[in-house]
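Before any comments, here is the structure.
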Amino acid sequence: MMRTIVVDDEPLAREYLLSLLADNGDIEVIGTCKNGREAIAAIREESPDLVFLDIQMPGMNGFDVVKAIQEDDAMPLFIFATAYDDYAVEAFDLAAVDYVLKPLEASRLTRAIERARERHVTVSKGELMSAVDKALGRDTQLQPPASGAVQKLTIRDNGQIQLVDFNDIDWVDAAGDYMCVHVGPVTHIMRCTMTELSQRLSSGPFARIHRSTLVNLDKVTQITPLSKGESLLHLEGDTTLKVSRNYRQSIVHLLN
């Protein structure tokens with residue numbers, strides 16, 4: 001179950017979203033909020049897994065809510081729901097799971113929930129592995145590759161060793177002390193830092209496009225330039241990744 005909080009200053013919008021969420025058996029709504037301050041208090045008290053968050057609210061907007069709690073020990077997953085499409089870039093810059101426009105469509109909401117469900121499983125698995133590692137005193141940090149090593153990434157998962165070809169990796173994102181290695185529909189978890197994994201994959205077609213994201217450039221099918229030097233990378237399978245302006249240089253050769 002994903003314990004969920006709904007935040008929206010419009011009563012009708014809240015009720016409509018709640019009616020759509022009622023059709024999802026693994027969504028447990030544990031609270032609703034009508035403004036940003038209520039949301040911060042509820043998130044800190046209830047520690048939800050998922051928050052549906054309106055952006056435009058009086059006083060404190062949705063982005064302010066995320067920024068206020070981003071240093072907390074437990075960060076929930078966020079899906080922004082708003083009537084305005086001008087905020088998509090900033091939403092993904094704050095590592096939102098998804099961004100859905102009002103009036104909400106059931107099919108689009110279902111896709112957003114599926115993404116949250118996948119991320120929830122990934123993060124939960126990472127937290128469990130971290131606890132086991134600490135309890136057993138295991139050192140699972142990424143080891144440097146041997147000279148002349150084949151281009152495969154070694155990932156220990158559920159007592160087995162997976163050898164993943166560099167070319168099969170689509171993208172990587174950080175989940176706390178763990179890296180989520182996305183290979184088609186499968187997500188592998190490994191414990192290391194983003195810097196360590198970047199170095200390990202440096203001989204492959206990978207670029208760091210955000211402080212918490214690596215992408216296999218061979219998997220990019222389309223690029224959408226944005227303002228202020230930012231871009232959106234489109235991968236197969238409906239995956240979209242944002243290139244932060246601080247990492248624009250890593251893809252500049254693809255824009256020429």
Side-chain angles (χ1 to χ4, degrees), residues 70-71 73 75 77 92-97 115 118-134 136-221 223 230-237 239-254:
Q70 63 184 358
E71 299 301 327
D73 290 337
M75 268 282 284
L77 303 173
F92 285 114
D93 200 33
L94 289 175
V97 172
R115 289 178 179 175
E118 293 173 357
R119 187 71 62 87
H120 179 240
V121 170
T122 295
V123 172
S124 298
K125 185 175 181 181
E127 291 172 347
L128 176 60
M129 291 173 65
S130 179
V132 171
D133 288 341
K134 291 177 181 178
L136 298 179
R138 293 195 305 216
D139 179 11
T140 57
Q141 294 297 319
L142 185 69
Q143 298 300 317
S147 177
V150 295
Q151 300 304 293
K152 292 183 181 291
L153 193 62
T154 302
I155 303 176
R156 290 174 172 81
D157 191 2
N158 290 330
Q160 305 213 359
I161 297 177
Q162 303 285 340
L163 297 178
V164 179
D165 194 307
F166 282 11
N167 294 328
D168 293 337
I169 298 171
D170 298 322
W171 63 289
V172 179
D173 67 326
D177 293 334
Y178 284 80
M179 297 297 107
C180 305
V181 182
H182 302 274
V183 183
V186 178
T187 299
H188 299 283
I189 309 294
M190 63 187 305
R191 187 181 181 188
C192 65
T193 67
M194 179 59 75
T195 298
E196 289 171 332
L197 189 53
S198 297
Q199 293 173 348
R200 178 69 180 91
L201 297 174
S202 61
S203 59
F206 294 90
R208 190 167 180 178
I209 60 171
H210 189 275
R211 59 187 176 84
S212 61
T213 310
L214 282 170
V215 66
N216 183 341
L217 295 178
D218 287 346
K219 302 288 186 175
V220 177
T221 59
I223 301 176
E230 298 171 325
S231 303
L232 290 179
L233 303 184
H234 304 272
L235 283 64
E236 295 181 1
T239 297
T240 302
L241 305 175
K242 179 176 175 292
V243 182
S244 169
R245 58 180 172 270
N246 293 331
Y247 292 90
R248 180 179 183 276
Q249 194 61 33
S250 64
I251 67 159
V252 69
H253 63 286
L254 299 179

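Numbers here are sequence positions counted from 1.
Residues forming a side-chain contact (heavy atoms from CB on, under 4.5 Å) with Ser202 (at least two apart in sequence, or on another chain): none. Under the rule for a side-chain contact (heavy atoms from CB on, under 4.5 Å), the partners of Asn216 that lie at least two apart in sequence or sit in another chain are Pro205, Phe206, Asp218, Lys219. Under the side chain to side chain donor-acceptor pair (under 3.5 Å) criterion, Ser198 pairs with no residue at all, not counting sequence neighbours.
Here the rule is side chain to side chain contact (heavy atoms under 4.5 Å, CB included) with Leu233, and of Thr213, Thr240, Ile223 only Ile223 fits it.
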- [ ] Start with the C-alpha distance between Thr154 and Leu163, add both sets of side-chain angles, then the distance that settles side chain to side chain contact (heavy atoms under 4.5 Å, CB included), and finish with yes or no.
- [x] CA-CA 5 Å; Thr154 302; Leu163 297 178; 3.5 Å; yes
TODO: Please step through side chain to side chain contact (heavy atoms under 4.5 Å, CB included) for the pair Leu153 and His188, ending with a clear verdict.
DONE: CA-CA 11 Å; Leu153 193 62; His188 299 283; over 6 Å; no
Open item on the list: If you apply the rule side chain to side chain contact (heavy atoms under 4.5 Å, CB included), what do you find for Phe166 with Arg200, and how did you get there?
Closed with: CA-CA 10 Å; Phe166 282 11; Arg200 178 69 180 91; 3.3 Å; yes
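Between Val243 and Leu232 there is no side-chain heavy-atom pair separated by less than 4.5 Å. In this structure, the side chains of Cys180 and Ile189 come closer than 4.5 Å at one or more pairs of heavy atoms. Under the 4.5 Å side-chain criterion, counting only non-hydrogen atoms from C-beta, Thr239 is not in contact with His182.
In this structure a side-chain-to-backbone donor-acceptor pair under 3.5 Å is missing from Asp173 to Ser212.
One finds the CD1 atom of Ile169 at 5.0 Å from the CG atom of Leu201 (value rounded to the nearest 0.5 Å).
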